[in-house]
Amino acid sequence: MNIHEYQAKEILKAHGIAVQDGIVATTEDEAVDAAKLLHQERGTGLWVLKAQVHAGGRGKGGGIKLAKTFDEVKTVAGKLLGMTLITPQTGPEGKVVHKILVAEDVYYPGPTDKLEFYVSILLNRQTGRNVIVYSPEGGMDIEQVAATAPNRIFREEIDPGLGLLSFQTKRMVNNLGLSGNVAKEFVTFCEKLITAYTKSDATLIEINPLLKTSDEKIIAVDAKINIDDNALFRHPEIQVMRDLTEEDPAEIEAGKHNLNFIKLDGNVGCMVNGAGLAMATMDIIKLSGGEPANFLDVGGGANAATVEAGLKIILDDSNVKVVLINIFGGIVRCDRVATGVVEAYKKLGNIRVPVIVRLQGTNAEEGKAVIDNSGLKVYSAITLEEAAGLVTKCLAK
Ligand code: GDP
Ligand code: MN
């Protein structure tokens with residue numbers, strides 16, 4: 001699950017990690033109140049207003065703006081709230097800003113040495129250990145650093161029992177050019193970050209930039225945290241952070257029907273039972289000259305209701321030119337699925353694209369007969385090659 005920057009910072013703060021502090025606002029007036037409160041409580045006199053959307057690169061897209069007076073806070077908040085923010089990560093359609101974070105401006109003026117660093121924690125699947133990735137080139141796209149200056153990105157594997165060892169933390173501060181008190185601050189920061197990562201069942205924590213302040217403090221200016229969906233059941237405090245307005249409506253709808261659905265950009269909708277078969281089906285679609293419009297695994301219990309829900313979600317996508325239903329009848333019988341497809345087809349009515357149904361396994365022949373005798377514009381196939389050929393044929397029309 002994805003969460004907003006302000007929510008990620010709440011998690012970090014709960015673990016005693018220093019962050020650029022702020023208050024979330026949904027209206028201009030709330031933004032001014034937030035700025036006033038920060039002024040009263042922390043003496044903040046310069047503010048930064050940050051669009052809260054589930055995408056990075058906000059600075060580049062114009063979603064991060066400074067304000068020096070309460071009046072400016074109001075006008076800047078007015079501009080950000082409701083805007084469609086387009087960043088390198090939102091896609092061309094952008095994301096509407098519903099919330100902003102009003103935070104203290106933690107940067108200080110004047111010529112200084114390098115201030116911005118990069119730190120993230122994630123799992124290294126090869127070693128089965130968490131790894132801390134860090135770089136002195138913070139504040140910019142880490143992908144760009146990886147492409148242009150890969151030797152400026154460093155890694156330390158984290159021993160699950162011992163944590164970061166002292167030879168590693170020495171190497172880290174050395175690579176970042178930190179010494180003295182701020183070096184100690186940095187090591188403590190990383191240790192707490194590892195605890196936050198483990199305790200919240202995160203799959204990724206990324207701090208970019210991590211800032212060295214004028215008084216030699218280390219603080220997280222930005223924070224991105226992804227949480228492992230399979231561990232959410234033990235984090236009710238994180239579950240409530242879910243923001244449905246940031247998620248794809250089709251994916252939310254699929255979730256309601258227990259369908260495993262991911263929206264993609266292609267033209268061939270697919271519905272499959274089993275994740276492995278779904279991957280294979282997507283390969284077949286590409287080999288047939290199409291592009292998958294989605295990943296959809298209806299799971300083991302494919303029935304008329306799930307087939308109908310899945311078909312409806314697929315057909316709501318105007319990019320879809322052909323639908324390929326690929327079912328392996330193991331526990332579920334093919335004739336039952338075929339009946340489900342025919343029922344769903346009739347019920348949805350007015351289906352504008354060809355539907356190809358490939359059934360294999362238990363009662364495959366009976367299933368094919370159900371499709372062929374239905375009188376509907378549904379093509380049936382038994383082998384994968386047949387199905388692929390039908391996809392190519394339908395796309396060429
Ligand atoms: P992102 O673009 O979505 O990654 O958002 P960030 O929170 O990382 O902010 C982007 C950039 O805005 C940072 O790299 C900074 O250069 C700038 N920025 C963020 N907070 C402040 C601040 O408090 N003061 C100033 N002057 N700049 C800031
Ligand atoms: Mn950032």
Side-chain angles (χ1 to χ4, degrees), residues 248 250-251 253-255 257-345 348 351-368 370-372 374 376-397:
D248 188 275
E251 291 183 11
E253 183 60 26
H257 299 280
N258 285 325
L259 301 171
N260 207 339
F261 176 85
I262 296 164
K263 167 99 184 64
L264 302 168
D265 299 329
N267 53 3
V268 181
C270 48
M271 176 155 45
V272 187
N273 62 340
L277 188 58
M279 302 303 278
T281 305
M282 289 161 74
D283 284 346
I284 287 294
I285 288 172
K286 289 207 100 165
L287 290 173
S288 323
E291 285 288 332
N294 64 276
F295 170 99
L296 173 54
D297 173 12
V298 296
N303 57 40
T306 46
V307 169
E308 185 187 331
L311 205 52
K312 189 163 183 314
I313 290 165
I314 291 174
L315 291 168
D316 276 343
D317 179 351
S318 59
N319 292 338
V320 168
K321 301 283 175 281
V322 187
V323 178
L324 171 59
I325 301 176
N326 188 8
I327 301 288
F328 180 78
I331 295 168
V332 59
R333 289 178 2 227
C334 290
D335 54 328
R336 242 188 82 195
V337 175
T339 310
V341 171
V342 172
E343 272 175 36
Y345 196 96
L348 291 173
I351 292 184
R352 56 183 170 80
V353 299
V355 177
I356 301 158
V357 186
R358 183 252 175 175
L359 299 164
Q360 184 62 277
T362 313
N363 291 5
E365 297 288 346
E366 289 85 341
K368 184 172 173 355
V370 170
I371 302 281
D372 291 343
S374 69
L376 300 175
K377 212 180 149 218
V378 181
Y379 303 84
S380 66
I382 290 203
T383 68
L384 217 43
E385 289 75 18
E386 276 177 289
L390 284 169
V391 170
T392 311
K393 214 170 97 190
C394 290
L395 282 174
K397 271 188 193 155

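Keep in mind that this is a model prediction, so the values were computed, not measured.
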Exercise for the section: Considering non-hydrogen atoms only, spot the tightest contact between T362 and G330 and give its length. Expected result: OG1-O, 3.2 Å

Problem - side-chain contact (heavy atoms from CB on, under 4.5 Å) between D317 and N294, intermediate numbers included - result: CA-CA 10 Å; D317 179 351; N294 64 276; over 6 Å; no

Completion exercise
Taken in chain and number order and not counting sequence neighbours, the residues that satisfy side chain to side chain donor-acceptor pair (under 3.5 Å) with T383 are E386

Exercise for the section: Find the distance between CZ (R358) and OG1 (T281) and round it off to the nearest 0.5 Å. Expected result: 7.5 Å

Handout entry: Heavy-atom closest contact (L359 atom, V337 atom, distance)
Key = CD2-CG1, 4.2 Å

Exercise for the section: Find out whether V298 and V307 are in side-chain contact, i.e. whether some heavy atom of one side chain is under 4.5 Å from a heavy atom of the other. Expected result: no

Handout entry: Any donor-acceptor N/O pair, D297 side chain to G274 backbone, under 3.5 Å
Key = yes

Problem - Inter-residue atom distance I314.CD1 - L296.CG, 0.5 Å rounding - result: 5.0 Å

Practice task
Starting at CG of L311, measure out to CD1 of I325 and round the result to the nearest 0.5 Å.
Solution key: 5.0 Å

Practice task
For D265, look at atom CG and say whether over 12 heavy atoms of other residues, nucleotides or ligands are found less than 6.0 Å away.
Solution key: no

Practice task
Give a yes or no answer on whether the side chain of N273 reaches the backbone of I327 with a donor-acceptor pair at less than 3.5 Å.
Solution key: no

Handout entry: Least distance between heavy atoms, E251 atom then I262 atom
Key = OE2-CA, 3.7 Å

Problem - Side chain to side chain, P292 and K286, heavy atoms closer than 4.5 Å - result: yes

Handout entry: Exceeds 12 heavy-atom contacts within 6.0 angstrom, atom NZ of K263
Key = yes

Completion exercise
The side chain to side chain donor-acceptor pair (under 3.5 Å) partners of R333 (sequence neighbours excluded) come to D335

Practice task
State whether the side chain of T392 and the backbone N or O of S288 hold a donor-acceptor pair below 3.5 Å, judged by distance alone.
Solution key: yes

Exercise for the section: Please report the C-alpha distance between C394 and Y379 in whole Å, then the side-chain angles of each, then the deciding distance to 0.1 Å, and finally whether the side-chain contact (heavy atoms from CB on, under 4.5 Å) criterion is met. Expected result: CA-CA 10 Å; C394 290; Y379 303 84; 4.1 Å; yes

Exercise for the section: Output the distance between atom CG (L287) and atom CD (E385), rounded to the nearest 0.5 Å. Expected result: 10.5 Å

Exercise for the section: Kindly say whether V322 contributes a backbone atom to a donor-acceptor pair with the side chain of N267 at under 3.5 angstrom? Expected result: no

Practice task
Taking all non-hydrogen atoms of both residues into account, name the closest pair between L277 and N326 and its distance.
Solution key: CD2-O, 3.7 Å

Handout entry: Smallest separation among heavy atoms of R352 and S318, with atom names
Key = NH2-CA, 4.1 Å

Problem - Beyond-backbone contact of H257 with T306, side-chain heavy atoms, under 4.5 angstrom - result: no

Problem - OG on S374 to CD on E343, rounded to 0.5 Å - result: 11.5 Å

Exercise for the section: Specify the closest pair of heavy atoms between A293 and G266, including all atoms of both residues, with the distance to one decimal. Expected result: CB-O, 3.3 Å

